[in-house]
Chemist: 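Following this message is one structure expressed as structure tokens.
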There are 2 protein chains.
Amino acid sequence: MNIASLKNNLKAVDTASLVDKVEGSLVELLQERKLKVGDAIPKEIELAEALGVSRTVIREALLRLRMMGLIESKKKKGAVITSPDLFGIMSKSMNPHVLDQDTLREMFEIRLVLEIGMADFLFQRIKKEDLDELKEIVSKEPPVTDYHLFNIEHEIAFHGKLYEITGNQTLKKFQKLLLPIFDYVHNSGLLKKQPMLRKFVSHKGLVDILENGSPELFRNAMRNHLENHFARLFD
Amino acid sequence: MNIASLKNNLKAVDTASLVDKVEGSLVELLQERKLKVGDAIPKEIELAEALGVSRTVIREALLRLRMMGLIESKKKKGAVITSPDLFGIMSKSMNPHVLDQDTLREMFEIRLVLEIGMADFLFQRIKKEDLDELKEIVSKEPPVTDYHLFNIEHEIAFHGKLYEITGNQTLKKFQKLLLPIFDYVHNSGLLKKQPMLRKFVSHKGLVDILENGSPELFRNAMRNHLENHFARLFD
DNA sequence: ACTTTTATTATGTCATACATAATACATCAT
DNA sequence: ATGATGTATTATGTATGACATAATAAAAGT
């Protein structure tokens, strides 16, 4: 009898650890019973007895759920269900020092993709107050000097506001996550050369288009605005 | 003495739990010593003794690192350092049934942003073989019927290939992550109405532009191609 | 009625023992 | 000697029991 036929007859005994199984059971519990956010789940000991495993295993499984953002546990109240914050989880391992260079560069690229691609949502959801705030930010724009090719904080204020305008909280969180990466990549020797000082479409130019232009115009303008970054990636 | 002045004098005793501290120490250890991927880290007992805490605490901290994708632990070999897979981590909690509706809709939106914004990377990195493959995919495009507004598998094949062409692995993983979400959102009653059957720029049209056009043209074409989805969000 | 003290409770931490899987080493038959 | 088979070792996985600690509720005191 060869290996292949064995595989067919022996049907893979599950190699999953106890914790794995318990984790599965708990996740099921959460989504089946349609528990509302804020509801408490049973105590560790109760779970241990109900599932017939030790509290150790329950605790490890709960820890996993906690890391996934599915629950939060407080000292006395036990654990309560929470709505998972996807990027909050990622932010844990989003440490520039532990990511390899390829990944860092790719995150850098994704930021560019997002800002060019978000145009339609900007135009769909921008309000008058947003426009005013953008103008306010632009009016405070510091001059470009030789030492500081651009002012990081001002960049963050402007571009961050754009993410906010999209009305997409998840996207906004993503951006917050990308910030340290962007900073790191920009300053490390990861990319080919220092950006040129040539100015392309300015922040003010972008605002003008937001006020009077179209998504199409904005996409192209943003692409142009980010030219220095693209140049460092492509040239 | 009021609260404010207290805050200044008492300098925030760290409320972090033991596990929190140990986790921090371990992360430091990983990034300071510049350990290569595949290197083994000390055994649990050694760590426990070195840091002066119980093995329980060490284990919980290690579990966190494992969930962050920083290490992998095997039965005998102890734990080895791995390069964290950001989206692999997220995929753990990326279960449509545990995410709230707003988040789901926002993930849906992000997909649209990405596909419109990725144009420059497509043009920069596409190879002749990629173009051939895209043409091959398009040639097998099933006809549109009343029952199936579009064939999901074909959609995935085509758009997935685009992500692949960007050469951005992280982006590609992101897309894989988004797939079940997209499917779920599309089929659930989350969005306003069924997409219309009107055809806009086709897959073939997109390929033509990839061959002879420019990033600008592609962005606009993709925006048009996705019009049905946008309509469901905006109308 | 309001503050302070005490008791309760569920998670956090510790210690120890044993189970289990992966590996290395020793053994044996040919 | 070689290759298969058994045995020992080792580090993680699981179980158990105990105590610490923080948050809450209940009781006591003014």
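Keep in mind the model is a prediction, meaning the values are calculated, not measured. No hydrogens, no waters, no symmetry mates; every other heavy atom, side chains included, goes into these values. All chains are named by letter (A, B, ...) in the order of the sequence lines, taking the proteins before the strands, and each is independently numbered beginning at 1.
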Chemist: Starting from P on C:dA10, measure out to CD on A:Glu49 and report it in whole angstrom.
Modeler: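 So the CD-P distance, A:Glu49 to C:dA10, works out to 12 Å.
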Chemist: How long is the line joining CD1 of A:Ile45 and P of C:dT8, in whole Å?
Modeler: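 My rounded result for the distance is 16 Å.
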Chemist: Check the angle between the aromatic planes of A:Phe108 and A:Phe182 and answer parallel, tilted or perpendicular using the 30° and 60° thresholds.
Modeler: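 If you compare the ring of A:Phe108 with that of A:Phe182, the planes turn out parallel.
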Chemist: Roughly how many Å is it from NZ in A:Lys43 to C1' in D:dA22, rounded to a whole number?
Modeler: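 Spelled out: NZ on A:Lys43 to C1' on D:dA22 is 15 Å.
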Chemist: Take a 6.0 Å sphere around CD of B:Gln124 and say whether it holds more than 12 heavy atoms from other residues, nucleotides or ligands.
Modeler: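 For B:Gln124, atom CD is crowded (more than 12 foreign heavy atoms under 6.0 Å).
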Chemist: Using only side-chain N and O atoms of A:Arg59, determine if any of them is under 4.0 Å from OP1 or OP2 of C:dT11.
Modeler: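 Negative; the distance criterion is not met.
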Chemist: Would you say the base of C:dA15 and the side-chain of B:Ser54 have a donor-acceptor pair closer than 3.5 Å?
Modeler: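 Counting by modelled atom types and ignoring angles, no donor-acceptor contact under 3.5 Å is found here.
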Chemist: When you measure from the side chain of A:Ser73, which nucleotide among C:dG12, D:dT14, D:dT12 comes out closest?
Modeler: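 When the side chain of A:Ser73 is considered, C:dG12 is the closest of C:dG12, D:dT14, D:dT12.
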Chemist: In this structure, how many angstroms lie between the P atom of D:dT12 and the CD1 atom of B:Ile58, rounded?
Modeler: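 After rounding, the gap between these two atoms is 11 Å.
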Chemist: Kindly point out which of D:dT12, C:dT11, D:dA15 is positioned nearest to the side chain of A:Glu44?
Modeler: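 For the A:Glu44 side chain, the nearest candidate turns out to be C:dT11.
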Chemist: Rounded to whole Å, how long is the line connecting atom CG of A:Leu18 with atom P of C:dA21?
Modeler: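 Rounded to whole Å, this separation is 11 Å.
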Chemist: Which atom pair, heavy atoms only, marks the closest approach of A:Glu44 to A:Leu62?
Modeler: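 Heavy atoms of A:Glu44 and A:Leu62 come nearest at CG-CD1, 3.7 Å.
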Chemist: Measure CG/B:Leu63 against C1'/D:dT12 and give the value in whole Å, please.
Modeler: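 It is 13 Å, rounded to the nearest whole Å.
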Chemist: In whole Å, what is the span from the CD atom of A:Glu46 to the P atom of C:dA10?
Modeler: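 Going from CD in A:Glu46 over to P in C:dA10 covers 7 Å.
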Chemist: Which sits closer to the 5' end of DNA chain C, B:Arg55 or B:Glu60, going by the nucleotide each is nearest to?
Modeler: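 Upstream on the strand: B:Glu60.
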Chemist: Of all the choices, D:dG13, C:dG12, D:dA15, which nucleotide is nearest to the side chain of A:Thr56 once you look at every atom?
Modeler: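 The answer is D:dA15.
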Chemist: Which residue, A:Gln169, A:Glu115, A:Lys176, forms the side chain to side chain donor-acceptor pair (under 3.5 Å) with A:Tyr163?
Modeler: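 For A:Tyr163, the side chain to side chain donor-acceptor pair (under 3.5 Å) test succeeds with only one of A:Gln169, A:Glu115, A:Lys176, which is A:Glu115.
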Chemist: May I have the distance from A:Asp20 (atom CG) to C:dA21 (atom P), rounded to whole angstrom?
Modeler: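 Atom CG in A:Asp20 sits about 13 Å away from atom P in C:dA21.
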Chemist: Under a 4.0 Å N-O cut-off, is there an ion pair linking B:Asp130 with B:Lys127?
Modeler: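 No, no charged N to carboxylate O under 4.0 Å.
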